[in-house]
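Keep in mind that what you see is a predicted model, and the values were worked out from it rather than measured. Here is the naming used below: chain letters follow the sequence lines, and residue numbers restart at 1 for every chain. What's counted below: heavy atoms across the whole structure, side chains too, no hydrogens, waters or symmetry copies.
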Protein chains: 2
Amino acid sequence: MNIGEASSASGVSAKMIRYYESIGLIEAPGRTQSNYRVYGSDDVHTLRFIKRARTLGFSVEETAKLLELWRDKTRASADVKAVATQHIDELETKIAELQGMVRTLKHLADCCGGNDRPNCPILEDLAAGPNSHKGHH
Amino acid sequence: MNIGEASSASGVSAKMIRYYESIGLIEAPGRTQSNYRVYGSDDVHTLRFIKRARTLGFSVEETAKLLELWRDKTRASADVKAVATQHIDELETKIAELQGMVRTLKHLADCCGGNDRPNCPILEDLAAGPNSHKGHH
DNA sequence: TATAGAGTTTCCCATCATGGGAAGGTCAAT
DNA sequence: ATTGACCTTCCCATGATGGGAAACTCTATA
């Protein structure tokens, strides 16, 4: 199977398949006489694993760790869970951060007339800094 | 005021101040005879504005737009609100995406023994794809 | 069989915002 | 005069991805 087929079978772009090979996430596959990469169904399986991990927000590095555990049939599920749990923590930290931004912005947007006049609490906040609207509600 | 002072007064690193200048987000300041950049309190004010906008998750491009509106005393607050509202939407989309990941991962982690045995639903999900655990609860 | 079009290869560049670090110039205090 | 802290410019790196060029290969069709 050529890289194009492996790509459509796995959902990973050909570009990224080559990239994953270049950083050592996947092994270099065999080549045809004409230097084309040749993949088998195991490779596609691995690529799908990677795709799924990336979709769940794992970094490439975390994905490498998960791949390693996947291949290690003597792994302890606790090790996998630890990777997942840490990732959940990272995601939740990020979510909280974004929610903080949204909270502030919504408050400011609510206070902004959104009309033709220039007066705007959003710009006032940006100009004055994070504490300017404390106690205003 | 030297760049170092402007940096500590604004919370923007000297490196970033130079970068913002290079991309045209801020204007090039005057220079001393010895080629040092010289900033005034207006510049610090602008840098703080930028810092605050970045802290609220606006991209540099969005920040440029906000700066422009800030300087335009005849702006319509609706224009500012539009920028903010669009950013809120982007943030909420991102949050929903991350929450989806967390939801899936928490479910998988809950189903994982987290012990010494290799059996692990997290890896099974990664290997089998997004639909493998449908209807399992 | 020749040619066209699609697929593949490697290589370089760009993104976005930020930091690291080198080499060299400048300033202020001892 | 020396030292240490500051400034300057320039290049490089990040993470994950895409774009594109130049050259090669394969397959189908005319």
>> Quick check on Asp110(A): does its CG atom have over 12 non-hydrogen neighbours (other residues, nucleotides or ligands) under 6.0 Å away?
In response: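 Counting neighbours around CG of Asp110(A), more than 12 heavy atoms of other residues, nucleotides or ligands fall under 6.0 Å, so yes.
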> Closest approach of Leu66(B) and Phe49(B), non-hydrogen atoms and distance?
Replying inline: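 So the minimum-distance heavy-atom pair works out to O-CZ, 3.8 Å.
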> Which nucleotide in the list dT18(C), dG25(C), dT8(C) gets nearest to the side chain of Tyr19(B)?
Replying inline: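 Selected nucleotide (nearest to the side chain): dT18(C).
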Without decimals, in angstroms, what is the distance between [X] [atom1] and [N] [atom2]?
X	N	atom1	atom2	value
Met16(B)	dA17(C)	CE	P	8 Å
Glu5(A)	dA6(C)	CD	P	17 Å
Ile3(B)	dC27(C)	CD1	C1'	16 Å

Contact list for DNA chain C against [range] - heavy-atom distance below 4.0 Å:
range	answer
residues 22-35 of chain A	Arg31(A), Asn35(A)
residues 91-98 of chain A	none
residues 55-70 of chain B	Ser59(B), Val60(B)

Side-chain heavy-atom pair [X], [Y] within 4.5 angstrom cut-off:
X	Y	answer
Ser7(A)	Ile17(A)	yes
Ser10(A)	Val44(A)	yes
Gln86(A)	Glu90(A)	yes

> Which dot-bracket string fits DNA chain C when only Watson-Crick or G-U wobble pairs with both atom distances under 3.5 Å count, crossing pairs get [ ], and | stands for a partner on a different strand?
Replying inline: ||||||||||||||||||||||||||||||
Could you pull out all donor-acceptor pairs under 3.5 Å where a side-chain atom in residues 55-64 of chain A meets a protein atom, sequence neighbours excluded?
{"from": "Thr55(A)", "atom 1": "OG1", "to": "Lys51(A)", "atom 2": "O", "distance (Å)": "2.8"}
{"from": "Ser59(A)", "atom 1": "OG", "to": "Glu61(A)", "atom 2": "N", "distance (Å)": "3.3"}
{"from": "Ser59(A)", "atom 1": "OG", "to": "Glu62(A)", "atom 2": "N", "distance (Å)": "3.0"}
{"from": "Ser59(A)", "atom 1": "OG", "to": "Glu62(A)", "atom 2": "OE1", "distance (Å)": "3.4"}
{"from": "Glu62(A)", "atom 1": "OE1", "to": "Ser59(A)", "atom 2": "N", "distance (Å)": "2.8"}
{"from": "Thr63(A)", "atom 1": "OG1", "to": "Ser59(A)", "atom 2": "O", "distance (Å)": "2.7"}

[N], OP1 or OP2 - any side-chain N/O from [X] closer than 4.0 Å?
X	N	answer
Tyr20(B)	dT18(C)	yes
Arg37(A)	dT10(C)	yes
Arg18(A)	dT9(C)	yes

> Which residue pairs pass the side-chain hydrogen bond (donor to acceptor under 3.5 Å, both in side chains) test with at least one member in residues 37-50 of chain A, sequence neighbours excluded?
Replying inline: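 Of all non-adjacent pairs touching residues 37-50 of chain A, those that pass side-chain hydrogen bond (donor to acceptor under 3.5 Å, both in side chains) are Glu21(A)-Arg37(A).
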> What is the 5' to 3' range of DNA chain D, first to last nucleotide, that sits under 4.0 Å from any heavy atom of chain A?
Replying inline: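 Nucleotide range with atoms under 4.0 Å of chain A: dA16(D) to dC26(D).
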Set out, line by line, the N/O atom pairs under 3.5 Å between protein and nucleotides 22-24 of chain C.
none

>> Checking Lys106(B) now: which residues fulfil side chain to side chain donor-acceptor pair (under 3.5 Å) with it, not counting sequence neighbours?
In response: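 Lys106(B) satisfies side chain to side chain donor-acceptor pair (under 3.5 Å) with Glu92(A) only.
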> Looking at residues at least two apart in the chain, or sitting in another chain, which of them share a salt bridge (charged side-chain N to carboxylate O under 4.0 Å, His left out) with Lys94(B)?
Replying inline: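 Lys94(B): salt bridge (charged side-chain N to carboxylate O under 4.0 Å, His left out) contacts with Glu97(B).
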Would you list the atom pairs, donor with acceptor, under 3.5 Å between side chains in residues 73-85 of chain A and any protein atom, with sequence neighbours excluded?
{"from": "Thr74(A)", "atom 1": "OG1", "to": "Asp72(A)", "atom 2": "OD1", "distance (Å)": "2.8"}
{"from": "Arg75(A)", "atom 1": "NE", "to": "Pro118(B)", "atom 2": "O", "distance (Å)": "2.9"}
{"from": "Arg75(A)", "atom 1": "NH1", "to": "Leu69(A)", "atom 2": "O", "distance (Å)": "3.1"}
{"from": "Arg75(A)", "atom 1": "NH1", "to": "Trp70(A)", "atom 2": "O", "distance (Å)": "3.0"}
{"from": "Arg75(A)", "atom 1": "NH1", "to": "Asp72(A)", "atom 2": "O", "distance (Å)": "3.4"}
{"from": "Arg75(A)", "atom 1": "NH2", "to": "Pro118(B)", "atom 2": "O", "distance (Å)": "3.4"}
{"from": "Ser77(A)", "atom 1": "OG", "to": "Gly114(B)", "atom 2": "N", "distance (Å)": "3.2"}
{"from": "Ser77(A)", "atom 1": "OG", "to": "Asn115(B)", "atom 2": "N", "distance (Å)": "3.0"}
{"from": "Ser77(A)", "atom 1": "OG", "to": "Asn115(B)", "atom 2": "O", "distance (Å)": "3.4"}
{"from": "Ser77(A)", "atom 1": "OG", "to": "Asn115(B)", "atom 2": "OD1", "distance (Å)": "3.0"}
{"from": "Ser77(A)", "atom 1": "OG", "to": "Arg117(B)", "atom 2": "O", "distance (Å)": "3.3"}
{"from": "Lys81(A)", "atom 1": "NZ", "to": "Ala109(B)", "atom 2": "O", "distance (Å)": "3.2"}
{"from": "Lys81(A)", "atom 1": "NZ", "to": "Cys112(B)", "atom 2": "O", "distance (Å)": "3.0"}
{"from": "Thr85(A)", "atom 1": "OG1", "to": "Lys81(A)", "atom 2": "O", "distance (Å)": "2.7"}

> Taking only residues two or more places apart in sequence or in another chain, which ones pass side chain to side chain contact (heavy atoms under 4.5 Å, CB included) with Thr93(A)?
Replying inline: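 With neighbours one apart ignored, the set is empty.
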